[in-house]
Amino acid sequence: MPDLLDGLNPPQREAVLHGPGPLLVLAGAGSGKTRVLTRRVARLIDQGVPPHAILAITFTNKAAAEMRDRIAAMVGPAARDIWASTFHSACVRILRREAPEAGYPRDFSIFDADDQLRLIRRCMVEEDVDPKRVAPRAIQARISDAKSRLLDADAFEQAAGSFSDEVAVRVYRRYSDGLRANGAMDFDDLLMVTAQLLEGDSAVAARWQSRFAHVLVDEYQDTNPVQFRLVRALAAPQDNVMAVGDDDQGIYSWRGADVRNILEFTRDYPDARAIALEQNYRSTGTILRAAHAVVSRNAGRLPKELWTDRGEGEPISVIACRDEYEEGRAVAGQIERALSRGDSLSDIAVFYRTNAQSRALEDTLIRLGIGYAVVGGPRFYERAEVRDLLAYLRAALNPADRVSLERALGAPRRGVGPGAVTKLAAHAAARDIPIGHALAEAQMIPGLQAAQRAALAEVGELLADVRLRSEGGMPLERVVDEVLARSGLRESYEREGTFEARGRLENLEEMVRAAGEYGATAEAAGLAGFLEGVALQADADLVDEASGAVTLMTIHNAKGLEFETVIMTGLEEGLFPHSRSDSPDALEEERRLFYVGLTRAKRTLTLTHAGSRATYGGRDHRLPSRFLGEIPMDTLAPSQAGGRVSRPVSVSSRAAAIVRPGQERRPRPGYAMGDEVVHATFGEGIVIGVEGTGELVRVRFASDGAERRLMAGAAPMTKVGH
DNA sequence: ATTCAACGCTTTTTT
DNA sequence: AGCGTTGAAT
C-alpha cells in the first residue's frame with residue numbers, strides 16, 4: 001500500500017494522523033480537503049477500524065461514491081462497506097430499519113416538494129386558509145424551516161407569536177397528521193425523525209452509536225441544526241467526529257444552515273483539535289488574491305488567507321455586454337479562446353446565479369454548435385408524466401400513500417376523480433385499512449358508478465401484482481414496463497398521437513430503461529431502493545466530467561467542483577447580488593457565493609455582465625454588480641482596468657468547428673449537438689443533445705419549441721447540410 | 001368529470 | 001412570455 005502521507009503538507013498530515021476525539025479541519029477552497037478526508041478514512045481502516053463502522057457524510061451522493069472509490073484504491077474492496085453518503089441517504093438507511101419505532105411503515109414514501117405542496121394545499125383548504133391569500137410555498141418554507149430546527153408542530157406553536165405564525169402552526173399540525181396518515185415523510189422529516197429517534201429512544205441510540213466508531217462530515221459550514229444534532233447523537237459518546245468545512249463558503253443559510261456550527265465547533269467539543277489548511281493547490285495567485293479581497297469584506301469570518309506557490313497566472317477578464325444574447329456570444333468567445341489554449345470542453349464551466357439565465361446561454365451555444373450540458377433546472381424525474389408513472393410504484397409499495405394513489409388513479413383519465421377518491425378514503429377509514437387495500441373492496445363502496453368500481457378494482461390488482469412481482473424478484477425493468485402497459489398510460493399517449501404525447505411517451509420508455517439500469521447495478525435494492533434513489537438524487541449527482549461538453553450550472557451546484565476555465569455570468573445588481581438578498585447577512589452570503597464561484601477556477605476566470613436583460617414580459621436595465629468593484633484593479637486584464645466598457649470577443653462563424661470530433665471521446669453518431677435537422681412530422685429543429693451511445697438524440701423543434709427525444713436510427717429525420 | 005379559457009404569478013439558490 | 005391554477009361551461 002502506498003504511504004498514506006505521501007505528498008501531504010504538515011497540517012494535512014496532522015489531520016490524517018489525528019487520534020481519537022473530535023477534530024475540526026478548516027479547509028479553504030482548493031486546499032486538498034477531499035484528499036485529507038479520504039486518506040484519513042483509509043488510515044482508520046488501516047489501523048483496524050472496520051469499514052462499516054465509518055460514517056462519512058458528503059454533500060452529494062456523487063461525492064460519496066467518489067470518496068468510496070478513492071478509498072478502495074488505497075485499501076481495497078473493503079471500502080465498499082463504508083457508510084459514505086449524504087445526510088438524507090444515511091437517514092433513510094437508518095429509517096428503513098427504525099421507522100416503525102417512530103410510527104411509520106418500513107416502506108414509507110418520501111414526499112418531494114411537489115407532493116408536499118399538494119398536501120399542504122389540501123391542509124390549507126381544510127383549515128380554511130385561502131391558498132390565494134397565503135402562498136402554499138411560504139407555508140411550506142415555514143414548516144421546512146421549523147423542521148430544520150427540530151421543531152415539531154407543538155414546539156413551533158410555543159415559539160409562534162404573530163397571527164401568520166398561528167396560521168402556519170395550524171397547517172403544520174394538519175400537514176404532519178396528513179404525512180403520517182400517508183405513511184410518508186418529506187425531506188426534512190428524514191432528518192428530523194431520525195434525530196428524534198436518536199435523541200428520544202435510548203435503544204435506537206445505542207444501536208447506532210455502537211455501530212459507528214467514527215463520523216466524518218464534509219461541508220460542515222452548511223449543516224443546519226438537525227444535522228448538527230444528528231452528528232452529535234451518532235458520534236456520542238466517544239465523539240470521534242471530524243468536521244471539515246470553510247466558513248467562507250457557507251451558502252445555504254436560506255435552507256436553515258447555520259455557520260455557527262463550524263464557528264462554535266470547538267465550543268461544542270472542548271477537546272477538539274483544530275487544524276487550518278491554507279495552502280491552495282487549485283488556483284493561480286491572481287485568482288486567490290481577487291477572491292480574498294472580495295471575501296475579506298465580510299464581517300464575522302475567521303481570519304485566514306489562502307496562498308499558493310504556483311505563481312500569478314493570467315489576469316481576470318471582465319466583459320461588459322449589451323444584453324444577455326451578447327453575453328452568450330461573449331461566453332462562446334471565451335470558450336473558443338480556452339479551447340485554443342488546449343482546454344477540452346469539460347475543462348470549462350459557465351456559472352450563473354439563477355437557473356433562468358441558462359436559457360439565453362443555451363440558445364447561443366446551440367446556434368454556435370458548442371456542446372454543453374446543463375446541471376440542474378427541470379429534472380427528468382420531476383416531469384409530470386414521469387411522476388405519474390412513479391406514483392403507481394409508490395402506491396404499490398406503500399398502500400397508505402393516498403397522495404400517490406390519487407395521482408395514479410388520475411393518470412390516465414379513467415373517470416375517477418377527487419370525488420371517488422374521497423369515497424374510497426372514507427371506506428378505508430371505516431374499515432380501518434390502508435387506502436390502497438380498499439381498492440380490492442371497490443364493489444362494496446356505496447355511491448360509485450359501475451365503471452368507477454371496475455377501474456378501482458383494476459388498479460388495485462395492478463398495484464398488488466406490482467408489489468408481489470417486485471418482491472418476488474422480477475427485474476425492475478419488467479415491473480415498470482408492466483405498469484406502463486396495464487395502467488393504460490402507454491395506450492393513452494399512443495392514442496393521443498400528438499408531438500407532445502409522443503415526447504411524453506419517450507420519457508416514460510426512458511424511465512423503463514432507467515429502472516433496468518438501476519436493477520443492474522451492484523447496490524440495487526429493489527423497488528424501494530429505486531424510488532429512494534429517484535427521490536434523493538441531487539442535481540450535482542448528475543455532473544458528468546467525461547461528457548465532453550461545457551458545463552452550465554448555478555454557482556450553488558458548483559460547490560466542491562473545479563475547472564480550468566470558469567466564466568461567471570450575470571454580474572449585475574439585482575441579479576448577483578440578488579434583489580431578494582437585501583439584508584446585510586443575505587448580502588454577505590451572496591458575497592460568499594461569489595467567492596465560491598471565483599475559487600472554482602484553476603487558471604482562467606472571466607466575469608460578464610449585461611446592460612439589459614429580459615424579465616417577465618419586458619426588459620430591465622441593469623447596472624454592473626458591486627462585486628465587480630470589489631475585485632482589485634491589479635488582478636484585472638489591462639483593457640478593463642481603466643473602467644472602460646469592453647466589447648465582447650467576436651465569435652467567428654466557423655465556431656461550429658469548436659466541437660472537434662475525436663478530440664473528446666464523444667460518440668460520433670449521425671447527429672451532433674447543434675446539427676440542424678428536418679423531421680418528417682415535426683419540421684425543422686436543432687439537435688441539443690446526444691444521449692447514450694448516440695442512439696438517442698434530443699431535438700428542439702422550431703415549429704412548437706418543444707424538445708423531443710428521438711431514436712437516431714429510426715426517426716424520419718435528416719440532417720441539413722451546412 | 002372533463003375541457004377550455006381567463007387570470008395571475010413567476011425568478012433565488014436545493015436536499 | 002409562459003406556465004399553472006382556477007373557474008365556468010358542457
Side-chain angles (χ1 to χ4, degrees), chain A residues 57-64 85-92 110-114 116-118 121 125 130-132 135-137 140-141 144 147-148 185-192 219 222-224 226-227 250-257 351-360 375-379 381-382 384 409-410 412-421 448-449 451-452 455 532-541 553-559 570 574-582 586 589-590 592-594 596-597 613-620 704-706:
Chain A
I57 301 290
T58 55
F59 206 67
T60 64
N61 293 301
K62 182 162 168 285
S85 68
T86 63
F87 272 107
H88 288 85
S89 297
C91 286
V92 168
I110 300 171
F111 275 13
D112 64 16
D114 194 85
Q116 285 180 55
L117 243 30
R118 265 164 212 273
R121 265 196 207 97
V125 172
D130 183 0
K132 263 185 295 192
R137 286 190 66 94
Q140 190 240 325
S144 176
K147 288 184 177 181
S148 79
M185 297 195 215
D186 63 23
F187 286 134
D188 304 302
D189 284 333
L190 298 176
L191 308 185
M192 183 173 76
E219 306 286 4
D222 281 322
T223 53
N224 63 28
V226 197
Q227 291 167 333
I251 54 175
Y252 281 101
S253 74
W254 50 274
R255 206 166 74 180
F351 298 159
Y352 34 80
R353 175 71 237 273
T354 68
N355 282 120
Q357 289 168 252
S358 78
R359 189 69 171 270
V375 176
R379 298 187 211 184
Y381 289 118
E382 286 170 3
L409 286 171
R413 304 269 171 218
R414 44 165 76 84
V416 177
V421 173
L448 294 179
Q449 296 160 10
Q452 292 181 316
E532 201 172 292
V534 166
L536 299 182
Q537 182 175 72
D539 288 331
D541 292 334
M553 60 185 151
T554 63
I555 306 167
H556 282 88
N557 267 139
K559 184 162 86 153
L575 187 59
F576 196 16
H578 198 274
S579 51
R580 302 272 277 251
S581 304
D582 49 1
E589 179 145 318
E590 294 286 303
R592 287 194 294 273
L593 189 60
F594 186 44
V596 167
R613 198 174 282 277
T615 51
Y616 304 103
R619 180 158 282 281
D620 280 0
D704 57 352

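Chain identifiers are assigned alphabetically (A, B, ...) following the order of the sequence lines, protein sequences preceding nucleic acid strands; residue numbering begins at 1 within each chain. These numbers come from a predicted model, not from an experiment.
- Of the possible donor and acceptor atoms, one in the side chain of A:Q357 sits under 3.5 Å from a partner among the backbone N and O of A:T354.
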| field | Derivation and outcome, ring pair (Phe, Tyr, Trp, His ring centres under 6.0 Å), residues A:F351 and A:F576 | value | CA-CA 12 Å; A:F351 298 159; A:F576 196 16; over 10 Å; no
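- Computed from coordinates, the A:R613 CZ to B:dT12 P distance equals 15 Å when rounded to whole Å.
- Inter-residue side-chain proximity for A:M185 and A:V92 is flagged as unmet; no heavy-atom pair is nearer than 4.5 Å.
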Show each protein N/O and nucleotides 13-15 of chain B N/O combination with a separation under 3.5 Å, one pair to a line.
from   : atom 1 : to     : atom 2 : distance (Å)
B:dT13 : OP1    : A:N355 : N      : 2.8
B:dT13 : OP1    : A:N355 : OD1    : 3.4
B:dT13 : O4'    : A:R353 : NH2    : 3.3
B:dT13 : O2     : A:W254 : NE1    : 3.2
B:dT13 : O2     : A:R353 : NH2    : 2.7
B:dT14 : OP1    : A:T554 : OG1    : 2.9
B:dT14 : OP1    : A:N557 : OD1    : 3.1
B:dT14 : OP2    : A:N355 : OD1    : 3.3
B:dT15 : OP1    : A:D539 : N      : 3.1
B:dT15 : OP2    : A:R379 : NH2    : 2.3
B:dT15 : O4'    : A:R255 : NH1    : 3.4
B:dT15 : O3'    : A:H88  : ND1    : 3.3
B:dT15 : O2     : A:H88  : NE2    : 3.3

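- Side-chain atoms of A:D112 never come within 3.5 Å of backbone atoms of A:A535 as a donor-acceptor pair (strictly under, hydrogens ignored).
- Separation of atoms OG (A:S148) and CZ (A:R255) is listed at 10.0 Å; rounding is to 0.5 Å.
- Of the two residues near DNA chain B, A:V416 and A:A135, the one whose nearest nucleotide lies more 5' is A:V416.
- Nucleotide B:dT12 holds its C1' atom 17 Å from the CE atom of A:M553, rounded to whole Å.
- Minimum interatomic distance between A:N557 and A:V375 (heavy atoms only, all atoms of both residues): OD1-O, 4.1 Å.
- Atom NE2 of A:H88 sits about 4.0 Å away from atom CG of A:L191, to the nearest 0.5 Å.
- Distance CD1 (A:I555) to C1' (B:dT11): 15 Å, rounded to an integer number of Å.
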Close N or O pairs between protein and nucleotides 6-9 of chain C (under 3.5 Å):
from  : atom 1 : to     : atom 2 : distance (Å)
C:dG7 : OP1    : A:K132 : NZ     : 3.3

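- When the C1' atom is compared between B:dT13 and C:dG4, the two are found 22 Å apart, to the nearest whole Å.
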| Where do A:L117 and A:R121 land on the side-chain contact (heavy atoms from CB on, under 4.5 Å) test, with the steps shown first? | CA-CA 6 Å; A:L117 243 30; A:R121 265 196 207 97; 4.3 Å; yes
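- Atom-to-atom, CD of A:Q357 to P of B:dT10 comes out at 18 Å; the value is rounded to the nearest Å.
- To the nearest angstrom, C1' of C:dG4 lies 11 Å from CZ of A:R118.
- Across the protein-nucleic acid pair, A:R359 atom CZ and C:dG2 atom P stand 8 Å apart, rounded to whole Å.
- Inter-residue side-chain proximity for A:N61 and A:Q537 is flagged as unmet; no heavy-atom pair is nearer than 4.5 Å.
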